[in-house]
Amino acid sequence: MKAQDSPAVTRRRRVRRGAPLPLLVPALIGVAFLVLPLVALLVRAPWRSMPDLLTSTEVWQALRLSLVCATAATVVSLVVGVPLAWLLARVEFPGRRLVRALVTLPLVLPPVVGGVALLMALGRNGVVGRLLDDWFGVTLPFTTAGVVVAEAFVAMPFLVISVEGTLRAADPRYEEAAATLGASRFTAFRRVTLPLVAPGIAAGAVLAWARALGEFGATITFAGNFPGRTQTMPLAVYLALQNDPEAAIALSLVLLAVSVAVLAGLRDRWMTAS
């Protein structure tokens, strides 16, 4: 005999069984609006010439540069962002809310504005860039290092938000217990906290890497668009769209595949089972 379902399960099934038409129609329109451009990209893709397009020297240069710079930007975000997330989650200090707002500002800041801000700060005549040039002879704009800086600027908030949320969800009593056993605060962070929040760090790193890989506005503004030096995949797509639309579609499919892979890797964290 089949066990009787609980009232909560019965209500959930009743809600899932049907949807009111005034909600169903806009929902389907929303799905079509989001999915149709992606389907069109797949339909219009030059599948026969795809191998030739993706093996050209220009594409491989842009792809290699994108992977290297996105990975370097992610490393920078990890080195700086994880301690920053710990500070925001664990330490009470004046102006913490303001610091958190400033850290997350690049999420909503137009990327081109971010690129201009980087130029004003780190450009040859910038607030800090002038000192870097005079003291160390270092110039960041329109260099590969400038690409890494631009990508880290827009990608790091994703890592900080993810790690901070994980730290807030983690029980601080484990760190307190380590402190009572004689561990310093840094030792407790290294030996106790990091293993606890490792999944959140991994998720944040993947998100930051994907965001860095797809960065366009800040990169072209701060680093320019020089093939082999600063031309990443998004910039190559923009340039190819003007001269070779088929190549632009092929490059777009590569970035689409990366995005799908990121979503697949994070599905257990960001999506609940149906």
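Only this structure's heavy atoms are used, side chains among them; waters, hydrogens and symmetry mates stay out.
Note on L78 and L167: same hydrophobic cluster, where clusters join Ile, Leu, Val, Met, Phe, Trp and Tyr whose side-chain heavy atoms are under 4.5 Å apart, directly or indirectly. Hydrophobic clustering (side-chain heavy atoms under 4.5 Å, transitive across Ile, Leu, Val, Met, Phe, Trp, Tyr) keeps V148 apart from F222. Clustering ILVMFWY residues whenever any of their side-chain heavy atoms sit less than 4.5 angstrom apart, transitively, puts V68 in a cluster other than the one holding V75. Cluster annotation: L213 and L256 are assigned to the same hydrophobic cluster (Ile/Leu/Val/Met/Phe/Trp/Tyr, side-chain heavy-atom contacts under 4.5 Å, transitive). In the hydrophobic cluster analysis, where Ile, Leu, Val, Met, Phe, Trp and Tyr join through side-chain heavy atoms closer than 4.5 angstrom, L98 is grouped apart from I161.
Although no hydrogens or angles enter the test, the distance criterion places no donor-acceptor pair under 3.5 Å between the side chain of T221 and the main chain of A218. Within the 3.5 Å criterion, the main-chain N or O of L42 finds a donor-acceptor partner in the side chain of W47. With E151 contributing its side chain and A70 its backbone, the two residues share a donor-acceptor pair below 3.5 Å.
A152 approaches A73 most closely through the heavy-atom pair N-CB, 3.7 Å. The minimum heavy-atom distance linking G224 with L235 is given by the pair O-CD2, 3.3 Å.
If you take CD on E246 and CG on D52, they are separated by 11.0 Å, rounding to the nearest 0.5 Å. Rounded to the nearest 0.5 Å, atoms CD1 (I249) and CE (M50) are 8.0 Å apart. Taking CG of L241 as the reference point, atom OH of Y238 lies at 8.5 Å (rounded to 0.5 Å). Taking CD1 of I220 as the start and OG1 of T230 as the end, the distance is 8.5 Å to the nearest 0.5 Å. Separating the CG atom in N225 from the CZ atom in F142 is a distance of 11.0 Å, to the nearest 0.5 Å. The structure places CG of L24 at 10.0 Å from CD1 of I29, a figure rounded to the nearest 0.5 Å.
Crowding of F93 atom CZ: a count of heavy atoms from other residues, nucleotides or ligands under 6.0 Å exceeding 12. Annotation for R130: atom CZ counts as buried by contact number, over 12 foreign heavy atoms lying within 6.0 Å. By the 6.0 Å contact criterion, CZ on R168 is enclosed, its count of non-hydrogen atoms from other residues, nucleotides or ligands being greater than 12. The 12-atom threshold is exceeded at CZ of R96, counting heavy atoms of other residues, nucleotides or ligands nearer than 6.0 Å.
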Quick one: side chains of residues 99-119, donor-acceptor pairs under 3.5 Å with protein atoms, not counting sequence neighbours, listed by atom name and distance.
unit_1	atom_1	unit_2	atom_2	d
R100	NE	E164	OE2	2.9
R100	NH2	L88	O	3.4
R100	NH2	E164	OE2	2.9
T104	OG1	R100	O	3.0
T104	OG1	A101	O	3.1

Residue pair T166, I201: steps toward the side-chain contact (heavy atoms from CB on, under 4.5 Å) verdict: CA-CA 8 Å; T166 307; I201 294 177; over 6 Å; no
Show your reasoning for whether side-chain contact (heavy atoms from CB on, under 4.5 Å) applies to W86 and V91. CA-CA 8 Å; W86 180 87; V91 181; 3.7 Å; yes
One pair to check against side-chain contact (heavy atoms from CB on, under 4.5 Å): M120 and V127. What are the steps and the verdict? CA-CA 7 Å; M120 296 302 101; V127 176; 5.9 Å; no
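At least one side-chain heavy atom of W209 sits less than 4.5 Å from a side-chain heavy atom of L67. Residues L41 and S252 have side chains in contact (heavy-atom distance under 4.5 Å, counting atoms from C-beta outward). Within the 4.5 Å cutoff, the side chain of L84 has no heavy atoms near those of the L159 side chain.
V31 belongs to a hydrophobic cluster whose remaining members, ordered by chain and number, are V35, V39, V43; membership requires side-chain heavy atoms of ILVMFWY residues under 4.5 Å apart, directly or through intermediates.
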